[in-house]
Protein chains: 2
Amino acid sequence: MQRNTIQRSLTLKAVQTLRCHPTAEQVYNAIKETCPSISKGTVYRNLNQLAESGHIQKIELTDGAAHFDHRCHKHYHVTCLACGRVFDADVALPDLERFIQNSHGFQFLGYDLMFKGICPACSASSQHSDTTENPTP
Amino acid sequence: MQRNTIQRSLTLKAVQTLRCHPTAEQVYNAIKETCPSISKGTVYRNLNQLAESGHIQKIELTDGAAHFDHRCHKHYHVTCLACGRVFDADVALPDLERFIQNSHGFQFLGYDLMFKGICPACSASSQHSDTTENPTP
DNA sequence: CTGTGTGCAAAAGATTTGCATTATG
DNA sequence: CATAATGCAAATCTTTTGCACACAG
């Protein structure tokens with residue numbers, strides 16, 4: 001059975017209050033400020049478990065680290081090719097799953113969609129940015 | 001200037017003849033059979049360079065290793081959540097880029113789309129498969 | 001010849017895991 | 001008090017990189 005630990009609720013709260021689609025590393029650093037004894041392994045375990053249970057959403061990009069999102073309703077993301085940050089893409093899209101129903105004997109369960117581009121901040125500076133802030137695109 | 005080396009053409013040929021969206025590891029193993037002296041670093045360098053020059057396509061939206069595809073026309077993929085293999089998803093989709101033009105000051109350059117599900121082989125066996133074959137879904 | 005590409009091994013980065021210990025229910 | 005979760009460190013997995021040498025143009 002699943003237990004409520006301080007570490008788990010801190011992990012969830014960190015993803016919810018950091019509004020920037022943080023990586024595990026960023027979540028870890030945020031929690032360390034109030035709970036310096038937390039370990040990175042615990043953060044990873046809790047992030048995965050929270051994603052599994054549907055409390056948060058895991059955004060995987062193979063290229064670099066995974067990001068985590070506290071918004072669980074259906075929406076899409078866009079990543080900046082310059083700074084690597086992930087933003088919400090506020091667009092209405094057709095339901096792609098209906099395009100692939102019943103084809104090839106494959107049991108379809110969903111899809112990942114990630115738009116790519118250059119965020120306003122990077123466009124303005126025309127150079128790579130390593131900041132961890134989250135300006136609105 | 002770019003040079004034609006045996007290793008580079010072997011890398012391209014391996015992606016083209018392995019019809020299974022191989023990972024770098026699989027490409028490396030395939031080449032080693034005819035060219036045992038090739039190194040993994042060279043395979044990675046060549047795969048990235050071939051993807052950069054548009055000869056092959058790098059597929060990154062999976063957890064785990066990147067896959068490479070010799071088909072360069074616009075099409076989509078589906079990955080099996082059980083065995084991790086990547087297949088072509090033969091579907092016609094609306095052009096998603098038109099949904100996101102000019103929003104938020106973000107300069108959109110494209111998108112990655114990956115369907116997820118369970119392939120016929122894994123559905124049949126109801127268990128994890130580690131094979132590197134590529135049965136038609 | 002010039003400098004790009006290779007092979008090797010080490011390094012880097014993200015994530016997982018084994019294990020003894022802690023603390024939740 | 002049973003056992004899920006933690007902290008720590010080591011291990012794993014994928015990919016990149018530094019460097020001396022080889023070879024394509």
Side-chain angles (χ1 to χ4, degrees), chain A residues 1-15 21-53 55-68 79 83-86 128 130 132, chain B residues 1-15 21-53 55-68 79 83-86 128 130 132:
Chain A
M1 198 195 64
Q2 202 158 301
R3 294 177 183 178
N4 286 338
T5 62
I6 295 169
Q7 292 86 344
R8 179 158 310 144
S9 55
L10 283 175
T11 304
L12 178 57
K13 201 180 69 173
V15 176
H21 304 85
T23 62
E25 180 81 23
Q26 293 174 314
V27 171
Y28 171 66
N29 289 331
I31 298 176
K32 258 199 316 189
E33 292 186 8
T34 56
C35 178
S37 66
I38 200 169
S39 81
K40 203 174 278 191
T42 295
V43 172
Y44 274 99
R45 268 185 293 238
N46 281 328
L47 285 172
N48 283 333
Q49 191 179 305
L50 288 166
E52 192 87 14
S53 62
H55 289 87
I56 60 176
Q57 196 186 340
K58 187 174 186 175
I59 309 169
E60 305 203 69
L61 264 191
T62 300
D63 188 14
H67 294 248
F68 295 86
T79 184
C83 64
R85 285 177 293 175
V86 170
H128 185 285
D130 272 324
T132 55
Chain B
M1 198 195 61
Q2 203 157 303
R3 294 178 181 178
N4 286 339
T5 63
I6 294 169
Q7 292 87 343
R8 179 159 310 146
S9 54
L10 284 174
T11 303
L12 178 56
K13 202 179 69 171
V15 176
H21 304 84
T23 62
E25 179 81 25
Q26 292 173 316
V27 171
Y28 170 67
N29 289 330
I31 298 176
K32 257 200 314 190
E33 292 186 9
T34 57
C35 178
S37 67
I38 200 169
S39 82
K40 202 173 280 191
T42 296
V43 172
Y44 273 98
R45 269 184 291 238
N46 281 328
L47 285 172
N48 283 332
Q49 190 178 306
L50 287 166
E52 192 86 16
S53 62
H55 290 87
I56 62 176
Q57 196 187 339
K58 189 173 186 176
I59 309 169
E60 302 203 88
L61 210 54
T62 59
D63 57 346
H67 293 249
F68 294 87
T79 184
C83 64
R85 287 177 292 177
V86 170
H128 185 283
D130 272 325
T132 55

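The structure presented is a predicted model; accordingly, all values stated were derived computationally and were not measured. Below, chain A is the first sequence line, B the second, and so on; all start at residue 1.
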Point to revise | Whole-Å distance separating the CG atom of N46(A) from the C1' atom of dA4(D) | key: 11 Å
Exercise for review: To the nearest Å, give me how far apart CD (Q26(B)) and C1' (dT14(D)) are.
Suggested key: 13 Å
Review point. Less than 4.0 Å between a side-chain N and a carboxylate O, is that true for K58(A) and E52(A)?
Key: no
Check your understanding: Is the shortest side-chain N/O distance from Q7(B) to OP1 or OP2 of dG5(C) below 4.0 Å?
Key -> no
Point to revise | Integer-rounded Å distance: dA9(D) P and Y28(A) OH | key: 10 Å
Point to revise | Q2(B) atom CD, over 12 foreign heavy atoms within 6.0 Å | key: yes
Review point. How long is the gap from CD1 on I59(A) to OG1 on T79(A), to the nearest 0.5 Å?
Key: 9.5 Å
Exercise for review: Give, for atom NE2 of H21(A) and atom CZ of F68(A), the distance between the pair rounded to the nearest 0.5 Å.
Suggested key: 12.5 Å
Exercise for review: Nearest 0.5 Å please: distance from the CG atom of L50(B) over to the CD1 atom of I56(B).
Suggested key: 5.0 Å
Check your understanding: Can you give one letter per nucleotide of nucleotides 15-25 of chain D, 5' to 3': B if a protein heavy atom sits under 4.0 Å from the base, S if only from the sugar-phosphate, - if neither?
Key -> BBBB-----BS
Review point. Can you tell me if the side-chain N/O atoms of S37(A) get under 4.0 Å from OP1 or OP2 in dG7(D)?
Key: yes
**Study point:** Rounded distance (nearest 0.5 Å) linking atom OG1 of T42(B) with atom CD1 of I31(B)
**Key:** 9.5 Å
Exercise for review: With rounding to the nearest 0.5 Å, note down the distance linking OG1 in T11(A) to CZ in R8(A).
Suggested key: 8.0 Å
Review point. How long is the gap from CD on Q26(B) to OG1 on T23(B), to the nearest 0.5 Å?
Key: 3.5 Å
Practice item. Could you run through DNA chain D and flag its stems, i.e. three or more consecutive Watson-Crick or G-U pairs with both distances under 3.5 Å? Key: C:1-25 with D:1-25
